[in-house]
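Here, residue 1 is the first one in the sequence, and each next residue gets the next number. What you see is a predicted model, and the numbers here were worked out from it, not measured in a lab. Both backbone and side-chain heavy atoms feed into the values below; hydrogens, waters and symmetry mates do not.
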Amino acid sequence: MHKWLQWSRTISSCISKKNVAITFNDTKGHWAQWIIEANRNAGIINGRADRSFAPDEHLTRAQAVVMMNRMFERGPLHGVTTPSFPDVKASHWAFNEIEEAAKPHAYFIDEEGQEQIN
């Protein structure tokens with residue numbers, strides 16, 4: 001199923017609150033609770049290791065890039081040797097996602113199912 005169709009159905013289900021469990025330990029009663037759950041159900045967000053989401057914190061640019069890549073079914077891009085941005089080193093947690101969004105590229109899918117730059 002195309003990601004957008006899946007996302008649309010998930011949003012509808014979550015907004016109507018049908019069979020949707022609250023996943024994160026800090027979103028119950030938040031004004032965006034059902035939208036957050038819809039995006040989690042669609043695979044666009046994961047939350048934090050401690051099962052929180054931090055709905056009132058500012059979104060970082062890295063988090064925004066990861067979400068956009070997931071919405072458009074892109075990346076992450078592996079095999080990049082020269083970073084596109086001086087403040088995003090190869091050790092950054094979202095390096096491959098940021099490179100996916102930043103670099104015009106041709107790619108192939110390797111034997112592990114990862115997108116590799118040509």
Side-chain angles (χ1 to χ4, degrees):
M1 181 185 315
H2 190 274
K3 186 71 106 179
W4 285 106
L5 180 57
Q6 176 187 356
W7 186 74
S8 175
R9 288 181 179 167
T10 302
I11 290 283
S12 296
S13 173
C14 287
I15 289 174
S16 65
K17 302 172 183 88
K18 293 180 184 172
N19 302 319
V20 178
I22 303 300
T23 305
F24 303 111
N25 59 24
D26 60 350
T27 60
K28 187 173 183 177
H30 190 274
W31 67 267
Q33 168 184 337
W34 302 112
I35 301 301
I36 293 166
E37 288 299 329
N39 280 283
R40 189 206 53 81
N41 287 340
I44 295 170
I45 60 173
N46 292 327
R48 298 174 175 196
D50 66 356
R51 295 190 51 232
S52 69
F53 180 74
D56 293 318
E57 287 188 14
H58 294 283
L59 191 66
T60 68
R61 65 182 175 163
Q63 291 167 331
V65 166
V66 171
M67 291 168 58
M68 294 295 290
N69 281 348
R70 289 182 184 161
M71 280 192 281
F72 292 116
E73 300 178 346
R74 296 186 56 176
L77 181 61
H78 297 271
V80 175
T81 56
T82 305
S84 296
F85 304 99
D87 63 331
V88 183
K89 306 295 181 212
S91 59
H92 188 280
W93 71 268
F95 176 77
N96 295 328
E97 296 277 2
I98 291 166
E99 292 301 326
E100 170 65 32
K103 283 199 184 306
H105 60 279
Y107 66 91
F108 66 95
I109 304 299
D110 69 13
E111 61 278 350
E112 295 177 13
Q114 294 183 334
E115 188 175 304
Q116 297 283 342
I117 195 164
N118 265 349

Between K103 and S84, what is the shortest heavy-atom contact and its length?
NZ-OG, 3.2 Å

Contact summary for E97 and R74, nearest pair of heavy atoms
OE1-O, 4.3 Å

Can you tell me how far the NE2 atom of H92 sits from the CG atom of D87, to the nearest 0.5 Å?
8.0 Å

Note, F95 side chain near V80 side chain (heavy atom, < 4.5 Å)
yes

Is Q63 reaching over with its side chain to a backbone N or O of T60, donor-acceptor style, under 3.5 angstrom?
yes

Determine, stepwise, if the pair R61 / V88 fulfils side chain to side chain contact (heavy atoms under 4.5 Å, CB included).
CA-CA 11 Å; R61 65 182 175 163; V88 183; 3.9 Å; yes

Shortest non-hydrogen pair, I36 vs T27, comes out as CD1-CG2, 4.0 Å

Mind listing the closest non-hydrogen atom pair of L59 and M67 along with its distance?
CD1-SD, 3.9 Å

Please check this pair: side chain of D50 against backbone of N25, looking for a donor-acceptor N/O pair closer than 3.5 Å.
no

If every non-hydrogen atom of T23 is compared with every non-hydrogen atom of R40, which pair is closest and at what distance?
OG1-NE, 2.7 Å

Determine, stepwise, if the pair N69 / E100 fulfils side-chain hydrogen bond (donor to acceptor under 3.5 Å, both in side chains).
CA-CA 8 Å; N69 281 348; E100 170 65 32; 5.9 Å; no

I'd like to know if the side chain of D26 and the backbone of A54 have a donor-acceptor N/O pair within less than 3.5 Å.
yes

Side-chain heavy atoms under 4.5 angstrom apart, residues restricted to Ile, Leu, Val, Met, Phe, Trp, Tyr: same cluster for I44 and M68?
yes

d(Q116 CD, E111 CD) to nearest 0.5 Å is 8.0 Å

Return the NE2 to CD distance between H78 and E99, rounded to the nearest 0.5 Å.
11.5 Å

CH2/W93: more than 12 non-hydrogen atoms of other groups inside 6.0 Å:
yes

Side chain to side chain contact (heavy atoms under 4.5 Å, CB included) assessment of N39 paired with R70
CA-CA 10 Å; N39 280 283; R70 289 182 184 161; over 6 Å; no

Grab the two heavy atoms, one from N46 and one from F24, that are nearest each other, plus how far apart they are.
O-CE2, 3.4 Å

Would you check if the side chain of Q33 reaches a backbone N or O of G29 as a donor-acceptor pair within less than 3.5 Å?
yes

